[in-house]
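Single-structure report; data block below.
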Amino acid sequence: MTRRRTPRNSVIRLTTGNAARTLNHPFTRREPVLALDFGATSVLVTTSGPVTVKDLEFARQLAREAHRFARSMERSFYGLPDGRGVAA
């Protein structure tokens, strides 16, 4: 992950729960949209026009970080490597 060039102005925290879900909308005649739904709040990730190399790089970075996030969640959920996790 690269270092931030601009300072963070604010942070929005969206937590998972029963209403949280992700959806990919792979439209055939326009740019794809990734929807992150958190109950009444939705975050839509897409491009501002035709897909560029930068857009593809961002999508791949997003996928890598989402995979790392899932692995971290698995470690937190299952606990120790010996199989004696914190959640049963």
Side-chain angles (χ1 to χ4, degrees):
M1 204 163 143
T2 60
R3 188 177 180 139
R4 294 182 68 83
R5 295 174 193 231
T6 56
R8 198 176 272 140
N9 290 328
S10 61
V11 174
I12 299 171
R13 184 178 188 170
L14 301 168
T15 57
T16 60
N18 292 338
R21 64 184 182 147
T22 59
L23 295 167
N24 177 46
H25 300 283
F27 298 109
T28 56
R29 295 190 177 161
R30 58 174 285 207
E31 294 74 27
V33 175
L34 176 64
L36 308 173
D37 291 329
F38 301 90
T41 303
S42 290
V43 177
L44 303 179
V45 181
T46 189
T47 67
S48 59
V51 177
T52 67
V53 171
K54 293 256 186 211
D55 298 325
L56 183 56
E57 289 171 354
F58 176 80
R60 288 179 176 158
Q61 179 185 13
L62 179 62
R64 276 193 310 273
E65 294 304 317
H67 182 259
R68 290 178 181 158
F69 177 70
R71 295 287 305 265
S72 295
M73 293 292 272
E74 288 170 346
R75 280 194 296 276
S76 294
F77 181 77
Y78 293 114
L80 303 173
D82 64 3
R84 303 177 75 196
V86 293

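Heavy atoms only, all atoms of each residue included: Val51 and Pro32 are closest at CG2-CD, 4.3 Å.
Take Asp37 and apply the side-chain contact (heavy atoms from CB on, under 4.5 Å) test, not counting sequence neighbours, and it matches Arg21, Leu23, Ala35, Ser42. Scored by the side-chain contact (heavy atoms from CB on, under 4.5 Å) test, Phe27 finds His25, Arg30, Val33 as partners (sequence neighbours excluded). Partners of Thr47 according to the side-chain hydrogen bond (donor to acceptor under 3.5 Å, both in side chains) rule, which considers only residues two or more places apart in sequence or in another chain, do not exist here. In terms of the side-chain contact (heavy atoms from CB on, under 4.5 Å) criterion, residue partners of Leu56 (sequence neighbours excluded) are, by chain and number, Arg60. Residues that satisfy the side-chain contact (heavy atoms from CB on, under 4.5 Å) test with Arg71, not counting sequence neighbours, are His67, Glu74, Arg75.
Counting side-chain heavy-atom gaps under 4.5 Å among Ile, Leu, Val, Met, Phe, Trp and Tyr, the cluster of Leu14 also holds Ile12, Leu34, Leu36, Phe38, Val43, Val45, Phe58, Leu62.
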